[in-house]
Amino acid sequence: MTTSGVATFNLEFDDLINEAYERCGLETREGFDMRTARVSLNLLFAEWANRGLNLWTIEQRSVTMVSGQAEYTLPSDTVNVLSAVIRTGSGQTQQDVTIDRISQNEYLHLPDKNTMSRPSQFYVQRTISPKLFVYPAPDSAESYIFRYYGVRRIEDTGGFTNTADIVFRFLPCLVAGLAYYLAMKKSPDRIVLLKQIYDEEFTRAAQEDRDIASVYLTPDFSL
């Protein structure tokens, strides 16, 4: 038996949209059908961000600290910050030191935000323009870099010949989700069925899209 020898299957948005319409028992007949499907796709990507972590959107990024500056603007596509360290030194003397995340309320009640030292705490303001606040503010004795793993937004659809900014494992889920979203607008008789299929596809994809590193729990008998 001869196989293709390649594993590059993907769907451009126009093919993906056509597949979703077919699941609704419809055909794309005019430009509006494509445009409304593109809106639904972008809303679906936003819904995925609300459901939790999408591992392919996690990126390691950095912010160079400035002496005396406690507030920094994060990239506009930032959804959240998962974990972070303060990096000191460089080359062979480089060292990463843990920095703890605190809540908005905890940051607000810090008594002296003008204190300067190596940052040990940070707060992320998840607004339209995300911001990072560190405490204490960096001092001038050493250069610090805030290194973090952050979740970014899934890229917008753009042109219909583009492919989705997702891993191939989520293609069935994406088609099922778009079919469900389109059914709410054009095929109400299929909403229940397509929602069930979408939920099942998302559950399977989400269960696969996870960190499989081992976790070890050690009981503390000191108390």
Side-chain angles (χ1 to χ4, degrees), residues 42-156 164-167 169-170 205-223:
N42 287 323
L43 289 173
L44 185 62
F45 290 152
E47 192 244 334
W48 283 8
N50 290 332
R51 281 181 178 249
L53 298 181
N54 304 304
L55 293 188
W56 73 90
T57 64
I58 297 176
E59 294 182 351
Q60 187 176 102
R61 295 177 172 180
S62 63
V63 178
T64 301
M65 303 276 97
V66 178
S67 177
Q69 181 176 329
E71 178 182 336
Y72 302 85
T73 299
L74 295 174
S76 59
D77 65 346
T78 300
V79 175
N80 206 352
V81 173
L82 301 179
S83 59
V85 297
I86 291 293
R87 177 165 294 178
T88 63
S90 61
Q92 297 298 318
T93 63
Q94 175 181 296
Q95 186 177 16
D96 290 339
V97 182
T98 299
I99 181 171
D100 298 322
R101 182 167 182 167
I102 59 177
S103 68
Q104 179 187 56
N105 191 56
E106 289 173 312
Y107 182 79
L108 175 65
H109 288 90
L110 291 172
D112 186 3
K113 297 180 178 61
N114 293 320
T115 300
M116 294 177 61
S117 183
R118 187 188 72 208
S120 60
Q121 297 175 311
F122 73 96
Y123 156 61
V124 178
Q125 181 176 287
R126 299 177 64 191
T127 50
I128 294 176
S129 297
K131 293 185 181 298
L132 166 72
F133 297 84
V134 296
Y135 178 84
D139 56 30
S140 58
E142 188 174 0
S143 62
Y144 301 112
I145 297 178
F146 182 85
R147 296 283 293 180
Y148 67 97
Y149 278 108
V151 181
R152 64 167 177 80
R153 289 178 56 171
I154 299 174
E155 294 179 7
D156 300 339
D165 177 31
I166 64 171
V167 292
R169 300 186 306 274
F170 271 74
Q207 287 175 345
E208 168 60 25
D209 194 52
R210 58 188 174 86
D211 192 337
I212 59 173
S214 300
V215 176
Y216 299 94
L217 302 177
T218 303
D220 184 359
F221 298 106
S222 61
L223 299 179

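Here, residue 1 is the first one in the sequence, and each next residue gets the next number. It should be emphasised that the depicted structure is a prediction, and the values quoted were computed from it without experimental measurement.
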Next on the checklist: Applying side chain to side chain donor-acceptor pair (under 3.5 Å) as the test, list every pair that has at least one member in residues 118-130; sequence neighbours left out.
Outcome noted: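 As it turns out, the side chain to side chain donor-acceptor pair (under 3.5 Å) pairs with a partner in residues 118-130, which skip direct neighbours, are Gln104-Tyr123.
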Checklist entry - Which pairs pass side chain to side chain donor-acceptor pair (under 3.5 Å) with one or both residues in residues 78-91, sequence neighbours excluded? => result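 For residues 78-91: Asn80-Arg101, Arg87-Asp96.
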Report the distance from atom [atom1] of [X] to atom [atom2] of [Y], rounding to the nearest 0.5 Å.
X: Glu155; Y: Asn42; atom1: CD; atom2: CG; value: 11.5 Å
X: Glu208; Y: Arg169; atom1: CD; atom2: CZ; value: 5.0 Å
X: Asp209; Y: Trp48; atom1: CG; atom2: CH2; value: 10.0 Å
X: Arg147; Y: Ile99; atom1: CZ; atom2: CD1; value: 14.0 Å

Item to check | Leu132/Val81 under side-chain contact (heavy atoms from CB on, under 4.5 Å): CA gap, chis, key distance, verdict | outcome: CA-CA 9 Å; Leu132 166 72; Val81 173; 5.9 Å; no
Next on the checklist: When you measure from the side chain of Lys113 to the backbone of Leu108, do you find a donor-acceptor pair of N or O atoms at a distance under 3.5 Å?
Outcome noted: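 Checking the backbone N and O of Leu108 against the side chain of Lys113, a donor-acceptor pair under 3.5 Å is found.
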Checklist entry - Just by modelled atom types, is the Ile154 backbone N or O under 3.5 Å from a matching donor or acceptor in the Trp56 side chain? => result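 Not confirmed, Trp56 side chain does not pair with Ile154 backbone.
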Checklist entry - According to the salt bridge (charged side-chain N to carboxylate O under 4.0 Å, His left out) rule, which pairs have a member within residues 68-81, sequence neighbours left out? => result Arg61-Asp77, Glu71-Lys131
Item to check | Residues that Asn54 engages under side-chain hydrogen bond (donor to acceptor under 3.5 Å, both in side chains), provided they are two or more places apart | outcome: none
Item to check | Residues that Gln207 engages under side-chain hydrogen bond (donor to acceptor under 3.5 Å, both in side chains), provided they are two or more places apart | outcome: none
Item to check | CA sep, side-chain torsions, deciding dist, call: Ile102, Tyr135, side-chain contact (heavy atoms from CB on, under 4.5 Å) | outcome: CA-CA 10 Å; Ile102 59 177; Tyr135 178 84; 5.5 Å; no
Next on the checklist: Once salt bridge (charged side-chain N to carboxylate O under 4.0 Å, His left out) is applied, do any residues pair with Glu106, and if so which ones, sequence neighbours excluded?
Outcome noted: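 Listed in chain order: nothing, the list is empty.
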Checklist entry - Do you know which two heavy atoms are closest between Pro136 and Ser117, and how far apart they sit? => result CB-N, 3.7 Å
Item to check | Greater than 12 external heavy atoms within 6.0 Å of Arg153's CZ | outcome: no
Item to check | side-chain contact (heavy atoms from CB on, under 4.5 Å) between Asp139 and Tyr144, worked out | outcome: CA-CA 9 Å; Asp139 56 30; Tyr144 301 112; 3.2 Å; yes
Next on the checklist: So if I apply the ring pair (Phe, Tyr, Trp, His ring centres under 6.0 Å) rule between Phe133 and each of Phe122, Tyr107, Phe146, which one comes out positive?
Outcome noted: Tyr107
